[in-house]
Amino acid sequence: MTIKSLLFVLVLIVGFAALLAEAQSLGRVLALTQIRGTLFCSINGSNSRITPVFPNALVQLQCGTGNVVASATTNTAGGFSILLDPLQFVRLLLLTNCDLVVKTPLATCNSSLPTNGILISTLQFLGRTVGSIINIIPGSFIFQLN
Ligand SMILES: *[C@@H]1O[C@H](CO)[C@@H](O)[C@H](O)[C@H]1NC(C)=O
Ligand SMILES: *[C@@H]1O[C@H](CO)[C@@H](O)[C@H](O)[C@H]1NC(C)=O
């Protein structure tokens with residue numbers, strides 16, 4: 001073997017080891033992800049002691065240029081939960097690239113509220129639970145005419 005081909009093999013081995021290390025740290029980042037929250041029937045979707053909840057509302061997870069990636073419907077308590085496949089999403093990408101969008105008009109839960117427009121919220125990382133589920137919640141919803 002010439003020095004040159006020996007060097008080449010060495011570079012290959014080092015490169016492969018680096019790849020392996022990267023794959024392992026990626027494995028720690030990837031985990032089951034749950035996005036959950038409670039939707040309230042107000043112009044900003046958020047809580048105040050007197051605000052009723054917003055049941056039967058369609059909540060979409062939209063990423064990039066508005067691609068609907070997952071969706072859920074709020075239950076009678078206004079709660080929703082979206083579970084994401086660990087291989088589908090990396091947390092950091094979710095937090096910077098995706099929003100929660102409420103498609104059901106606010107007038108559905110209170111006829112004094114707008115019949116058009118959406119509620120939209122960015123996502124925020126809450127923490128990891130035992131079993132290492134990544135918990136993500138909405139930041140806060142704002143009303144937006146669309
Ligand atoms: C959201 O709306 C409720 C009811 O209108 C109000 O009490 C609350 O201050 C608002 N919160 C934010 C963050 O705008
Ligand atoms: C419906 O919305 C109006 C306008 O925000 C508010 O004043 C009223 O309290 C709401 N009604 C209920 C039942 O929450």
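The figures here come from the full heavy-atom set of this structure, side chains too, leaving out hydrogens, waters and symmetry mates. It should be emphasised that the depicted structure is a prediction, and the values quoted were computed from it without experimental measurement. Each ligand, and each atom within it, is numbered from 1 in the order the structure gives. In what follows, residues are counted from 1 in the order of the sequence shown.
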Does Ser121 reach the main-chain N or O of Gly139 with its side chain, forming a donor-acceptor pair under 3.5 Å?
-> yes
Proximity of Leu113 to ligand 2 by residue part, where a heavy atom lies under 4.0 Å = side chain
Residues that Thr76 engages under side chain to side chain donor-acceptor pair (under 3.5 Å), provided they are two or more places apart = none
Applying side chain to side chain donor-acceptor pair (under 3.5 Å) to Thr73 and not counting sequence neighbours gives none
Which atoms from ligand 2 have a heavy atom of Pro52 less than 4.0 Å away?
-> 14 (O)
So which of Ile50, Asn110, Thr51 gets nearest to atom 8 (C) of ligand 2, if we judge by its closest heavy atom?
-> Asn110
Taking all atoms of both residues into account, what is the closest heavy-atom pair of Ala77 and Val53, and its distance?
-> O-CG1, 3.3 Å
